[in-house]
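Here's the structure we're looking at; comments come further down.
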Number of protein chains: 2
Amino acid sequence: MTDIPRTARPTMKDVAARAGVGLKTVSRVVNEEPGVTEDTISRVQAAIDALGFRRNDSARLLRKGRTASIGLVLEDLADPFYSPLSRAVEDLARAHSTLLFTGSSAEDADREQELVLAFCARRVDGLVIVPASEDHRYLEPEIAAGVATVFVDRPAGGIDADVVLSDNAGGTREGVAHLIAHGHRRIGFIGDLPRIHTAAERLRGYREAMEDAGLPVHGNWVSCGPTAPGRVRAAVESMLSGPEPVTALFAGNNRITVTAVRVLADLPSVVALVGFDDFELADLLRPAVTVVAQDPGQLGRTAAGLLFQRLDGVAGAPKRVELACRLIPRGSGELPPVP
Amino acid sequence: MTDIPRTARPTMKDVAARAGVGLKTVSRVVNEEPGVTEDTISRVQAAIDALGFRRNDSARLLRKGRTASIGLVLEDLADPFYSPLSRAVEDLARAHSTLLFTGSSAEDADREQELVLAFCARRVDGLVIVPASEDHRYLEPEIAAGVATVFVDRPAGGIDADVVLSDNAGGTREGVAHLIAHGHRRIGFIGDLPRIHTAAERLRGYREAMEDAGLPVHGNWVSCGPTAPGRVRAAVESMLSGPEPVTALFAGNNRITVTAVRVLADLPSVVALVGFDDFELADLLRPAVTVVAQDPGQLGRTAAGLLFQRLDGVAGAPKRVELACRLIPRGSGELPPVP
């Protein structure tokens, strides 16, 4: 990038010259310090308005050791799951007169680290991170230097830090038990990459629910991998064929559920479905889709709330907050097994 | 907010002391300047790693007159329409090693100005703005000082600036003409607040399509206002009752379309529907929803592309880019009129 000269931006010196006062007086007015007469304040204010002078917050805040900015690292800015989470973090930041840097890791550990360290180089006061990495020791110098850090949706790896999670295993256990209560014995699980904490927890919840009911889990009833539609389609088709076809599916997140709905819409078989995560219009599909809902807004609010508590000086050991999920029966999860 | 002392953060001086070299040498290594031996570089690098030293980008960039950051102001971070737009702006920012501040105006002109000026006080290099305000003269000193500014989705008010828009009137004209081609004569329009540029343009497109076909527009066939579900529900119900009930609806944005789908699902009448903006699962509803699709990712890419061209020194008069919309027939817009 080339540097555009910023000579056109008026300085405090310009304001002082125009108002016919000293630089210190302008500084007092701008920083609302006492000891300036009403008349001088109006003269300085008139000069500020005429020149379009703006205080340089970067320099001022840097001198104070604070920047009144925080960084939010998501997996993907374009995933609708993160929209209410972002908005909740933004609302709290606004309430604390703090600006928000945002960025996506795209589920790439290196990209997460690059983004986080870029935010730290910009001297953010704090970070809210949906981690893609499994090792956050790279953050230790930043945390030691006073950067408040809260993890959300997934825990930190290798360091002890504040974290806000959904009860992924418990929510999945409830969803799978719901299918079992409706008569299903052969239930498939399609999940995200198992190295992702939430995906591993949901798989654990599925296995526990099956075990609690004394049900076996056949090899091709579990499929974990990327949420790409082609992979999910192949998994559904494989689970519905063979000698032990499933009569119900548990979909491990909203991307997988949406693809499963599409695949099932094309098939003659009636298959029950419960999805993890709620999504818009789930209630208008036929059958309407039963889900285990997280509250992404509440995740964001809780994480940002914890962050600003830390910034306000609340000390103590790292906290782990776990939010309950909620089963919302709508039709697809209450279909009886069709052999 | 209280100030946490940042004494723990290692400085260049600490690095110099540990490496047993002068401050200038550390600075040369950090800034990759020539004139330092390989051996000294490794000693400084070892000290940097041991201390966890990070360069302070804020100060360095401020000296250069650049901050390698841009601000993105949306109407609502939580509206899924803006998710691909944000992601596209982020991708271009990343390609230019630039960080992204984001914020929502919540359709409030004061909040937009507050956010934009907060970004400017942080010395962003540029701005991408979905405006809520109708008067952007407050930005003139910033633009004069070199802050590149591109408006997206809606034009600036009171100033001449780069803007990237969808062809809102043309897209709506095509959608309404599509309903007319399928035999509809009494078509209702439910839009957003008419002070919003896109809403006014879509209303204009509706009126033009009706006029082109020589069709009258009755008083209660047009309803403009907030996208709150209650308001939209009342508008649909009003248009379907009375002496001249409509047989088709044009919904002015995706929030309105989703509510219209919900309302129509509860009613016995069969009413054709075309919505402005595509949305996820529109194809899986019954009937599947015909839409006039914008490309929010392309809006974001084009706006950010223009911004970085300006930052790279491309001069010239402000540009106005208009992107075409695309009619996607899926079923709801092809239903015949039912009297």
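Letters go in sequence order (proteins before strands), and every chain restarts at 1.
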Heavy-atom pairs under 4.5 Å with chain B: which of [options] has the most?
options: A:L99, A:L51, A:L72; value: A:L99
options: A:S104, A:A93, A:A88; value: A:S104
options: A:G103, A:G71, A:P80; value: A:G103

Heavy-atom distances under 4.5 Å only: say whether [X] touches chain A with side chain, backbone, both or neither.
X: B:L115; answer: side chain
X: B:E114; answer: side chain
X: B:D91; answer: side chain

Legend entry - Heavy-atom closest contact (A:R122 atom, B:S69 atom, distance): NH1-CB, 3.7 Å

Inset, instruction - Check B:D76 against A:R87 and note the closest heavy-atom contact, atom names and distance. - result: OD1-NH1, 2.5 Å

By a 4.5 Å heavy-atom criterion (distance strictly below it), what part of [X] contacts chain B: side chain, backbone, both, or neither?
X: A:R94; result: side chain
X: A:D283; result: side chain
X: A:F119; result: both

Legend entry - Any donor-acceptor N/O pair, B:E90 side chain to A:L77 backbone, under 3.5 Å: no

Inset, instruction - For residues B:R286 and A:L284, determine if any side-chain heavy atom of one lies less than 4.5 Å from a side-chain heavy atom of the other. - result: no

